[in-house]
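A short write-up of the structure that comes next.
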Amino acid sequence: MRRVLLWMARNTWLRDHLPRLPFARRAVRRFMPGETSDEALAAADALLAEGIGVLFTHLGENLASLADADAVVQHYHALLDRAATRPRPPEISVKLTQLGLDIDAERAFEHADGLARHAKAVGSFFWLDMEASDYVDATLAIYERLRSTHDRAGICLQAYLKRTPADVQRLLPLQPAIRLVKGAYDEPGSIAYRAKPDVDAAYLALAVVIAEAARDQGARLALGTHDSALIERIALMAEASGTPRSALEVHMLFGIRASELRRLSSAGFPAFSLVAYGEAWYAWYMRRLAERPANVIFALRQLLP
Ligand SMILES: Cc1cc2nc3c(=O)[nH]c(=O)nc-3n(C[C@H](O)[C@H](O)[C@H](O)COP(=O)(O)OP(=O)(O)OC[C@H]3O[C@@H](n4cnc5c(N)ncnc54)[C@H](O)[C@@H]3O)c2cc1C
């Protein structure tokens, strides 16, 4: 089921046709507050009022033209200006292919550089999402360039990739901000762990290493997962070696395990909700379905009157 859904996520015919169906539009509302920045900001205000931090992602990836990338960047700059009016400005989380990486890597870097500068100026923070494995080298290289001049810039790393422990060691001297996730793409067994226990074990080991660096070298660690049992295990191990849970941020996706995020926030973890919004939600939504097949049942129920 997971592989079929991830294949569907990459299928361009489905991407062009499925989002037009009313039942699909109803189903996606579970994971996103709406398609506009007004709706995203309204959701953010409600979260901020509860003491939950916010990250924004304007959905879209693998753009076909630099003009499209320029429009995305303008959207994020306008969003940062509006975020700046909040007492705790939301952060932004961006895919490099949305900034034109497939077409012109230097232009994508310049866009990321401009957004990171703007984010810092308004008290926000700039995150790079991590996409499929073909993009990891380019994303790391751009992050290293960004981090040399911006202290408020972070990167997502995927625990399922066998290369990630080496990537963590490569980044630690930069005092990075790392959002550790399990990984959402369909990667082959030659480069990625595919069984859940293996991915979870890799995640735990990486989190402990980065938590130590957060304590000793000033890195920032965000646990980007809904797996609260795993978060609690990481916290126990980190606390045993002197890292308080207040140094372990928890980032979850809007609409997924929201009550668990609130519970962890009350238990002392800095909590953030990543609010995704926008019209180009198809591939992103299919990856959310792939993560939990029960979500497919929920989506199909939207076919009923
Ligand atoms: C803040 C954030 C940012 C992310 N950024 C990236 C990124 O840049 N690149 C990338 O590859 N991946 C990213 N991901 C996705 C990530 O890689 C996983 O695919 C996703 O988080 C599901 O795995 P899990 O860690 O929640 O653990 P799992 O073991 O899959 O799930 C733990 C529990 O959470 C619940 N759950 C998990 N997913 C769902 C869902 N979709 N719907 C309902 N319940 C669910 C289930 O109850 C499950 O038992 C991000 C995730 C988060 C939370």
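All ligand and atom numbering here is 1-based and tracks the order in the structure. Side chains are part of it too, since the values below use all heavy atoms of this structure and drop only hydrogens, waters and symmetry mates. No experiment lies behind these values; they were computed from the predicted model shown.
Shown in contact with N295 at under 4.0 Å from a heavy atom are these atoms of ligand 1, numbered in order with element: 40 (C), 41 (N), 42 (N), 43 (C). Set against the non-hydrogen atoms of D129, the atoms of ligand 1 under 4.0 Å away are 8 (O). Counting the atoms of ligand 1 from 1 in the order shown, those under 4.0 Å from a heavy atom of K196 are 29 (O). Each of the following atoms of ligand 1 lies closer than 4.0 Å to a heavy atom of R179: 3 (C), 4 (C), 5 (N), 8 (O).
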Identify all side-chain donor-acceptor contacts of residues 285-298 below 3.5 Å with residues at least two apart in sequence or on another chain.
| residue | atom | partner | partner atom | Å |
| --- | --- | --- | --- | --- |
| R287 | NH1 | E61 | OE1 | 3.1 |
| R287 | NH2 | E61 | OE2 | 3.2 |
| R288 | NE | E291 | OE1 | 3.0 |
| R288 | NE | E291 | OE2 | 3.3 |
| R288 | NH2 | E291 | OE2 | 2.7 |
| N295 | OD1 | R30 | NH1 | 3.3 |
| N295 | ND2 | R288 | O | 3.3 |

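In summary, E106 and R145 engage in a salt bridge, as defined by a charged side-chain N under 4.0 Å from a carboxylate O. Between K182 and D200, at least one side-chain N (NZ, or NE/NH1/NH2) sits under 4.0 Å from a carboxylate O, which counts as a salt bridge. Salt-bridge annotation for D137 and R163: present, with a side-chain N of the basic residue lying under 4.0 Å from a carboxylate O of the acidic one. A salt bridge links R25 and E35; the closest N-O separation between the charged side-chain nitrogens and carboxylate oxygens is under 4.0 Å. Salt bridge annotation for D151-R220: absent, with no cationic side-chain nitrogen under 4.0 angstrom from a carboxylate oxygen. Using a 4.0 Å cut-off between charged side-chain N and carboxylate O, R257 and D227 make no salt bridge.
Distances between N or O atoms of Y185 and those of ligand 1 include no value under 3.5 Å. Between A184 and ligand 1, at least one pair of N/O atoms sits closer than 3.5 Å. Between G183 and ligand 1, a contact under 3.5 Å exists for at least one N or O pair.
Counting protein heavy atoms only, atom 9 (N) of ligand 1 is closest to M130 O, 2.7 Å. Atom 24 (P) of ligand 1 has its closest protein heavy atom at T225 OG1, 3.5 Å. At the top of the distance list for atom 4 (C) of ligand 1, counting protein heavy atoms only, stands V181 CG1, 3.6 Å. Atom 19 (O) of ligand 1 has as its closest protein heavy atom E291 OE2, 2.6 Å. Looking only at protein heavy atoms, the nearest one to atom 11 (O) of ligand 1 is Q158 NE2, 2.9 Å. Of all protein heavy atoms, the one lying nearest to atom 35 (C) of ligand 1 is R257 CD, 3.7 Å. For atom 44 (N) of ligand 1, the closest non-hydrogen atom on the protein side is R292 CD, 3.1 Å. Considering only non-hydrogen protein atoms, atom 2 (C) of ligand 1 sits nearest to L253 CD2, 3.6 Å.
The side chain of I256, and not its backbone, has at least one atom closer than 4.0 Å to an atom of ligand 1 (non-hydrogen atoms only; side chain from C-beta on). Contacts of H226 with ligand 1, taken as heavy-atom pairs under 4.0 Å, involve both backbone and side chain. Proximity of R287 to ligand 1, defined as any heavy-atom pair under 4.0 Å, is not found for any part of the residue.
Shown here, atom 42 (N) of ligand 1 is in close reach of the protein: a heavy atom of it lies under 4.0 Å off. Counting only heavy atoms, the protein never gets under 4.0 Å from atom 48 (C) of ligand 1. Contact annotation for atom 31 (O) of ligand 1: protein absent (non-hydrogen atoms, distance under 4.0 Å).
Taking the ring centroids of H75 and Y277, they lie under the 6.0 Å cut-off. Centroid-to-centroid, the aromatic rings of H251 and W127 come within less than 6.0 Å.
In the hydrophobic clustering of ILVMFWY residues, with side-chain heavy atoms under 4.5 Å counting as a link, L171 and F126 come out together. Y193 and L206 fall within a single hydrophobic cluster, where Ile, Leu, Val, Met, Phe, Trp and Tyr are joined by side-chain heavy atoms under 4.5 Å apart, directly or via other members.
Considering only non-hydrogen atoms, atom 28 (P) of ligand 1 lies nearest to K182 out of K182, H251, E131, R30.
Here ring pair (Phe, Tyr, Trp, His ring centres under 6.0 Å) pairs that include residues 137-191, with residues two or more places apart or in two chains, number zero.
Inter-residue side-chain proximity for M130 and V136 is flagged as met; some heavy-atom pair is nearer than 4.5 Å.
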